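Notes for the one structure printed next.
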Number of protein chains: 2
Amino acid sequence: MAPEAKAALFDQFAQVGKAFSNGRRAELVDVLAQGERAVEALAGQIGQSVANTSQHLQVLARAGLVTSRRDGNRVLYRLADEQVEALWETLRAVAAANVSGVRQAAEEYLGDRDGLEQVSRDELARRLGAGVLVWDVRPASEYEAGHVPGAISVPPDEVQRRLDDVPDGVEVVAYCRGRFCVYADDAVRALVAAGRRAVRLDEGFPEWRRAGLPVAVGTG
Amino acid sequence: MAPEAKAALFDQFAQVGKAFSNGRRAELVDVLAQGERAVEALAGQIGQSVANTSQHLQVLARAGLVTSRRDGNRVLYRLADEQVEALWETLRAVAAANVSGVRQAAEEYLGDRDGLEQVSRDELARRLGAGVLVWDVRPASEYEAGHVPGAISVPPDEVQRRLDDVPDGVEVVAYCRGRFCVYADDAVRALVAAGRRAVRLDEGFPEWRRAGLPVAVGTG
DNA sequence: CATCTAGTCAAGAACTCGGTTGAATACTTG
DNA sequence: CAAGTATTCAACCGAGTTCTTGACTAGATG
């Protein structure tokens, strides 16, 4: 068997690695794990031009990680399947465990998490029926694409405004995109500073959905 | 929070993708999943110069995927932890499911698998006590680093010579490095051509070990 | 110590990547 | 159909990657 054939096969596997080899593409995957989105919205999320974002999306598409469909004059991208989410989750876990720079970069971005109480998704699932208030701290469109049943949408820029909506004595559980998502952290800190009791879900909504826990869709 | 801090965090995650973004590095990870190896041996496996292999290994080390230790005048590399194996397995699965080129490249390298019977690791585990003959079709050093209990070592280049060692009426189960490893395929084809009954384990030894199934070490 | 082996480092050539800009295309709306 | 919006394409340039070659270093051996 020709050695080039073996090399060619591993080059194909490397295509998937290549897709994740750029920080902006990783951000795109992270956002797309929340649900379908148009190019312009994605460009805004990753802070890049639309043209550049489009090109990154095409790299992801060539690696089979995303698919697209036209809706009117917009093109909506989504992750190809749940396995891609699983891959992204494992990759982050490996990076967190082994890449020394992650700890630094995470602290730089997320701030100090020492005073931040976290609960697991099983714990949240248990408490769901027991009078806990759940905040989905993601952009409204991500909430609408799917959220924890009973959670209310509190987009990041509305957190301050909604602090007083929390009845006295009620505990808030906040969640957002994942372990390394800052929105829930910020919300919990703001709530605690306002004298409320608040904790964050240690993971994000994609992990909740992939664990087979119940999901609600739409503005409800 | 500065947007550069977010970008920096995702750039760190992308380091891991970058490590897998080259076919030769992917091959290195695949070989290292079988166990510890020295640089020269690895260079031979991936068909590259020692200098180039050393540089690839350092990229993997910087991404936290491998660690090294000195043994006399050799340097032995190994995967950092089992999570890295899990990541490599998921990456291959995503590639197999979504990258169109994988199917082609795999067929080119592995040949037609239609006439090739495969058994799962649970099936093999069940049959272990029941008179099945198990062939470990990997280089001897990988067998010594860990193998399925009761399996005998039949390195790829010894398959032809060992065909007649199989008693009549005994079925052989062959395995090697993984789903995309060609050695077990070749052994099964050779055995069948010689009139024996033979099947291959659908996965490889690393998956067997990671599933928590029993493992034997050494020349036994 | 001189020599050997195994691995690493440094520099350079060919190529690929990641971003910008401006033009082209697809579909919708007036 | 003309005008507008959303996306893609093409060209370009600086920066990074991959492999080669040859020099260098750590430890083993005669």
Side-chain angles (χ1 to χ4, degrees), chain A residues 3-4 7-8 10-29 31-32 36-63 65-78 101 141, chain B residues 3-4 7-8 10-29 31-32 36-63 65-78 101 141:
Chain A
E4 315 86 54
F10 280 81
D11 285 348
Q12 290 298 318
F13 291 143
Q15 289 303 313
V16 175
K18 215 170 262 180
F20 281 103
S21 72
N22 174 279
R24 256 29 68 220
R25 284 198 292 272
E27 286 190 62
L28 285 172
V29 171
V31 175
L32 288 172
E36 205 172 44
R37 298 218 92 175
V39 180
E40 196 165 29
L42 291 166
Q45 288 288 329
I46 69 170
Q48 297 287 315
S49 71
V50 171
N52 190 17
T53 303
S54 174
Q55 288 176 120
H56 279 310
L57 286 165
Q58 280 166 66
V59 173
L60 291 171
R62 253 176 275 133
L65 302 186
V66 307
T67 58
S68 62
R69 68 184 179 90
R70 204 167 245 289
D71 169 44
N73 57 5
R74 296 184 315 160
V75 176
L76 300 177
Y77 281 84
R78 60 164 60 192
S141 62
Chain B
E4 315 87 55
F10 280 81
D11 285 347
Q12 290 300 318
F13 292 143
Q15 289 303 313
V16 175
K18 214 169 262 180
F20 280 103
S21 72
N22 174 280
R24 252 33 64 217
R25 284 198 291 271
E27 287 190 63
L28 285 173
V29 171
V31 175
L32 289 173
E36 204 172 45
R37 296 218 95 175
V39 179
E40 194 165 31
L42 290 166
Q45 287 289 329
I46 69 170
Q48 297 288 313
S49 71
V50 171
N52 191 17
T53 302
S54 174
Q55 287 176 121
H56 279 310
L57 286 166
Q58 280 167 65
V59 173
L60 291 172
R62 252 177 274 132
L65 301 186
V66 307
T67 58
S68 63
R69 67 185 180 90
R70 202 168 246 287
D71 168 44
N73 56 6
R74 296 184 312 161
V75 176
L76 300 176
Y77 281 85
R78 61 165 57 193
S141 62

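Everything numeric here is computed off the predicted structure, so don't read it as measured data. Per chain, numbering begins at 1; letters A, B, ... match sequence-line order.
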* Below 4.0 angstrom from OP1 or OP2 of dC9(D), is there any side-chain N or O of Q58(A)? -> yes
* Asked: Taking the side chain as C-beta and beyond, is there a heavy-atom pair between L32(B) and L42(B) under 4.5 Å?
  -> yes
* Asked: Can you check whether R70(A) has a side-chain N or O nearer than 4.0 Å to OP1 or OP2 of dT7(D)?
  -> no
* Whole-Å distance between dC9(C) C1' and N52(B) CG? -> 13 Å
* Asked: How long is the line joining CD of Q48(A) and P of dG18(C), in whole Å?
  -> 11 Å
* To do: Check every strand shown and say whether A38(A) touches a base, only sugar-phosphate, or nothing at a heavy-atom separation below 4.0 Å.
  => sugar-phosphate
* Asked: Closer than 4.0 Å, any side-chain N/O of Y77(A) to the OP1 or OP2 of dT8(D)?
  -> yes
* Main-chain N/O of A41(A) paired with Q45(A) side-chain donor or acceptor, under 3.5 Å -> no
* To do: Report yes if at least one side-chain N or O of S54(B) is closer than 4.0 Å to OP1 or OP2 of dG7(C); otherwise report no.
  => no
* To do: Using whole Å, report how far CD of E27(B) lies from C1' of dT18(D).
  => 15 Å
* Atom CZ of R24(A) to atom P of dG19(C): distance rounded to whole Å? -> 6 Å
* Just to confirm, is there a sub-4.0 Å distance from OP1 or OP2 of dT18(D) to any side-chain nitrogen or oxygen of N22(B)? -> yes
* To do: Enter the distance from R24(B):CZ to E27(B):CD here, rounded to the nearest 0.5 Å.
  => 5.0 Å
* To do: Rounded off to whole Å, could you give me the CG-to-P distance for the L57(B) and dT8(C) pair?
  => 7 Å
* Could you please name the option among dT7(D), dC17(C), dT8(C) that lies closest to any side-chain atom of K18(A)? => dC17(C)
* **Length of the NE2-P vector between H56(B) and dT18(D), whole Å** => 6 Å
* Minimum-distance nucleotide (side-chain atoms of E40(A) versus dT20(D), dT7(D), dG22(C)) -> dT7(D)
* Asked: Does any N or O in the side chain of R25(B) come within less than 3.5 Å of the main-chain N or O of H56(B), such that one atom is a donor and the other an acceptor?
  -> no
* Counting heavy atoms from C-beta on, name the nucleotide in dG7(C), dG19(C), dT7(D) closest to the side chain of R74(A). => dT7(D)
* Do any N or O atoms from the side chain of R37(A) and from the backbone of L28(A) form a donor-acceptor pair under 3.5 angstrom? -> no
* Select base, sugar-phosphate, or nothing to describe what V50(B) touches, counting heavy atoms under 4.0 Å on all strands. => base
* Asked: Can you tell me how far P of dT8(C) sits from CG of L60(B), to the nearest Å?
  -> 12 Å
* Structure fact -> Per nearest nucleotide of DNA chain C, the residue lying toward the 5' end, D71(A) or L76(B), is L76(B)
* Which whole-number value in Å describes the distance from Q55(B) CD to dT17(D) P? -> 12 Å
* Per N73(A) side chain, nearest of listed nucleotides dC27(C), dT21(C), dC19(D) -> dC27(C)
